[in-house]
Visitor: 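Please see the structure below; I have some questions.
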Amino acid sequence: MFGYPITPSTEILETWARFCLKDKSISLLQTEDEMSAGFGVIGSCLAGVPAFTATGGPGNILMQDAVVMAENLRIPMVGMIMQRGGMSTSTVIYSQEEVRLTCFGGNSEGFRIVYSTSNLQELYDYTIKAFRVAWKYRWPTFILADGYQGKMVGEVEFNKIMDKINNVSPILKKGVNLRNCYNLEEEINEKITRFQEEYQTKREEIEEAEEYELSDAKTIILAHGIVGAAAKVVVDELRKQGLRVGLFRPITLRPFPTKAASQIMDQAERILIMESAIGQLAEIFKSEFYGLQTTLIEINKPALGFTPEEIVKTVQSYG
């Protein structure tokens, strides 16, 4: 791990440091800032050693230079992003306002893989999966969570996935020239176009979503992360009241699970997009489903959480 302490991701750095005291096969370098942490991860990966970082808020902003380089050079860096409130330093606890930044930050086209977790078990599982996916597809890969998840304490079920991390293939089996600077516009145009074709070809292998009670749903709640976890509880409650409500929770925000979503979105009378930001999830959804005739209703609470009780009242108000 390469990292710099920043709330609400500092607990990850501190915990990893404790792991290092017990396990000499892993290591930690606390860098002077988040830019150094990002480039440290790249350097480690170039040497064939899986590495990661953890950050959030302003640190996520500072790390975009390294992230875009990782996209360009196809470096399988892994990052854990614990979102905090926007804007700038702002609050240090919770938000979903780093979706756009994590998926598309920097001078980039967004050739990244971004998992949005909703609970501690997923936080564990998808962190491990992120290493495997990053090294398989050679795209920078991120676990996008939040300050609530970052500060939760609870039990998770360990599994054997951890054993597979050490089996990833090194990116460099022999010396190669990885080019990060181009002389002609045509050169970088060709590369970006090639990356886009490959990204689109492979995206269905990567896309993931949770679909809950959607077979006859007339109202679909679209939410990700911990808001999606609250909405799932709501679906059960509203079903008992006779309301045909379902949940579509994208687990991959980048690439968005378009294939799964396209199979159910036309059946609904309305889609309620709930997020702790102003339109960042909605923006991704609408870009994938331009021309969709279903009524879209956006419920935005920037940097504030959703309780099941208020989601119930919101859905009931729309019938």
Side-chain angles (χ1 to χ4, degrees), residues 83 85-86 94-105 110 112 114-118 144 146 200 203-204 206-239 241-319:
Q83 298 171 97
Y94 166 81
S95 93
Q96 291 186 324
E97 294 184 290
E98 296 181 51
V99 170
R100 187 182 295 113
L101 174 65
T102 306
C103 291
F104 296 102
R112 309 171 186 185
V114 180
Y115 293 108
S116 175
T117 60
S118 67
L144 185 67
D146 55 74
Q200 293 298 326
R203 63 178 293 172
E204 287 188 11
I206 302 168
E207 294 175 5
E208 288 190 50
E210 179 183 13
E211 303 174 40
Y212 191 65
E213 297 286 2
L214 290 175
S215 60
D216 65 343
K218 292 303 179 182
T219 298
I220 295 178
I221 300 173
L222 174 63
H224 75 99
I226 204 165
V227 179
K232 189 173 182 179
V233 176
V234 168
V235 170
D236 291 334
E237 175 62 28
L238 292 176
R239 284 272 168 176
Q241 300 176 19
L243 295 179
R244 292 156 65 181
V245 180
L247 168 68
F248 186 86
R249 179 173 70 91
I251 296 176
T252 50
L253 297 182
R254 184 74 179 144
F256 190 86
T258 302
K259 183 177 181 180
S262 64
Q263 296 173 352
I264 53 91
M265 291 301 171
D266 287 332
Q267 74 185 32
E269 295 178 357
R270 66 187 67 83
I271 300 171
L272 305 183
I273 307 177
M274 298 185 173
E275 57 182 310
S276 298
I278 299 180
Q280 297 197 24
L281 173 63
E283 183 179 285
I284 295 174
F285 176 78
K286 288 186 286 188
S287 71
E288 296 285 341
F289 288 92
Y290 178 77
L292 182 69
Q293 297 302 307
T294 306
T295 300
L296 298 181
I297 302 167
E298 298 183 35
I299 297 102
N300 302 315
K301 291 183 64 181
L304 290 175
F306 285 77
T307 66
E309 292 78 12
E310 64 182 308
I311 297 176
V312 166
K313 291 180 181 179
T314 300
V315 176
Q316 287 173 333
S317 69
Y318 290 101

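Nothing fancy with the numbering, it's 1 onward along the sequence.
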Visitor: For Asp216, is there any backbone N or O sitting under 3.5 Å from a side-chain donor or acceptor partner on Arg244?
Guide: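 Yes, the answer is positive, given that a donor and an acceptor are paired below the 3.5 Å cut-off.
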Visitor: What pair of heavy atoms forms the shortest contact from Gly110 to Arg254, and how long is it?
Guide: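 That closest heavy-atom pairing would be O-NE, 2.6 Å.
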Visitor: Are there over 12 heavy-atom neighbours, none belonging to Lys218, within less than 6.0 Å of that residue's NZ?
Guide: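 More than 12 within 6.0 Å, yes.
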Visitor: Could you state the interatomic distance from CG (Leu253) to CG (Leu144), rounded to the nearest 0.5 Å?
Guide: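 One gets 6.0 Å once the value is rounded to the nearest 0.5 Å.
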Visitor: Drop me the distance from Gln96's CD to Asn300's CG, to the nearest 0.5 angstrom.
Guide: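 It is 10.5 Å, given to the nearest 0.5 Å.
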Visitor: Please round to the nearest 0.5 Å and tell me the distance separating atom CD of Glu211 and atom CG of Leu247.
Guide: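 Output value for this atom pair is 9.5 Å.
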Visitor: Should the pair Phe285 and Phe256 be assigned to parallel (<30°), tilted (30 to 60°) or perpendicular (>60°) ring geometry?
Guide: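 Rings of Phe285 and Phe256: perpendicular, over 60°.
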Visitor: Can you see which heavy atom on Lys259 is nearest to which on Ser262, and at what distance?
Guide: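 Reported closest heavy-atom pair: O-OG, 2.7 Å.
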Visitor: Can you tell me how far the CD atom of Gln280 sits from the CG atom of Leu101, to the nearest 0.5 Å?
Guide: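 Those atoms lie 8.5 Å apart.
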Visitor: Show me, pair by pair, the donor-acceptor contacts under 3.5 angstrom made by side chains of residues 220-231, not counting sequence neighbours?
Guide:
residue: His224; atom: ND1; partner: Ser116; partner atom: OG; Å: 2.8

Visitor: Indicate the atoms forming the closest heavy-atom contact of Val235 with Gly246, along with that distance.
Guide: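 The answer is CG2-C, 3.9 Å.
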Visitor: If you look at every heavy atom in Ala261 and Phe289, which pair is closest and at what distance?
Guide: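 Taking Ala261 first and Phe289 second, the nearest heavy atoms are CB-CZ, 3.5 Å.
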Visitor: Using 0.5 Å steps for rounding, measure from the CD1 atom of Ile273 to the CG atom of Leu296.
Guide: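 Answer for the CD1-CG pair, Ile273 versus Leu296, is 5.0 Å.
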Visitor: Under a 4.5 Å cut-off applied to non-hydrogen side-chain atoms, are Leu281 and Val99 in contact?
Guide: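 No; the side chains remain at least 4.5 Å from each other.
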Visitor: Measure from the side-chain N and O atoms of Glu310 to the backbone N and O of Pro308, and report whether any donor-acceptor pair falls under 3.5 Å.
Guide: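 Side chain of Glu310 to backbone of Pro308: no pair is present.
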Visitor: Within the distance-only criterion (no hydrogens, no angle test), does the side chain of Arg270 pair as donor or acceptor with the backbone N or O of Ile297 below 3.5 angstrom?
Guide: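 Between the backbone of Ile297 and the side chain of Arg270 there is no qualifying donor-acceptor contact (under 3.5 Å).
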Visitor: So if I apply the salt bridge (charged side-chain N to carboxylate O under 4.0 Å, His left out) rule between Arg249 and each of Glu210, Glu275, Glu208, which one comes out positive?
Guide: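 It is Glu210, the one option of Glu210, Glu275, Glu208 that forms the salt bridge (charged side-chain N to carboxylate O under 4.0 Å, His left out) with Arg249.
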Visitor: With the side chain counted from C-beta on, respond yes when Val312 and Thr307 share a heavy-atom pair under 4.5 Å apart, and no when they do not.
Guide: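 Val312 does not reach Thr307 side chain to side chain.
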Visitor: Within a 6.0 Å radius of atom CD on Gln200, are there more than 12 heavy atoms belonging to other residues, nucleotides or ligands?
Guide: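 Above 12, so yes.
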Visitor: Do Val245 and Val234 have side chains that approach each other closer than 4.5 Å (heavy atoms only, starting at C-beta)?
Guide: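 Sidechains of Val234 and Val245: no contact.
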Visitor: Taking atom types as modelled, is there a side-chain donor on Ser276 or Tyr94 under 3.5 Å from an acceptor on the other?
Guide: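 Yes, because at least one side-chain N or O of Ser276 sits under 3.5 Å from a partner of the opposite role on Tyr94.
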Visitor: Are side-chain N/O atoms of Gln241 and Gln316 paired as donor and acceptor at under 3.5 Å?
Guide: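 Note: Gln241 and Gln316 side chains meet the donor-acceptor criterion.
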Visitor: From Ile311 CD1 over to Met274 CE, what is the distance, rounded to the nearest 0.5 angstrom?
Guide: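 Reported value, rounded in 0.5 Å steps: 5.5 Å.
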Visitor: So that I can tick it off, tell me whether Arg100 and Glu283 are bridged by a salt bridge, with the cut-off set at under 4.0 angstrom between side-chain N and carboxylate O.
Guide: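 Yes.
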Visitor: Does Thr294 reach the main-chain N or O of Ile271 with its side chain, forming a donor-acceptor pair under 3.5 Å?
Guide: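 Side chain of Thr294 to backbone of Ile271: no pair is present.
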Visitor: Are the side chain of Glu288 and the backbone N or O of Thr258 linked by a donor-acceptor pair below 3.5 Å?
Guide: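 Absent.
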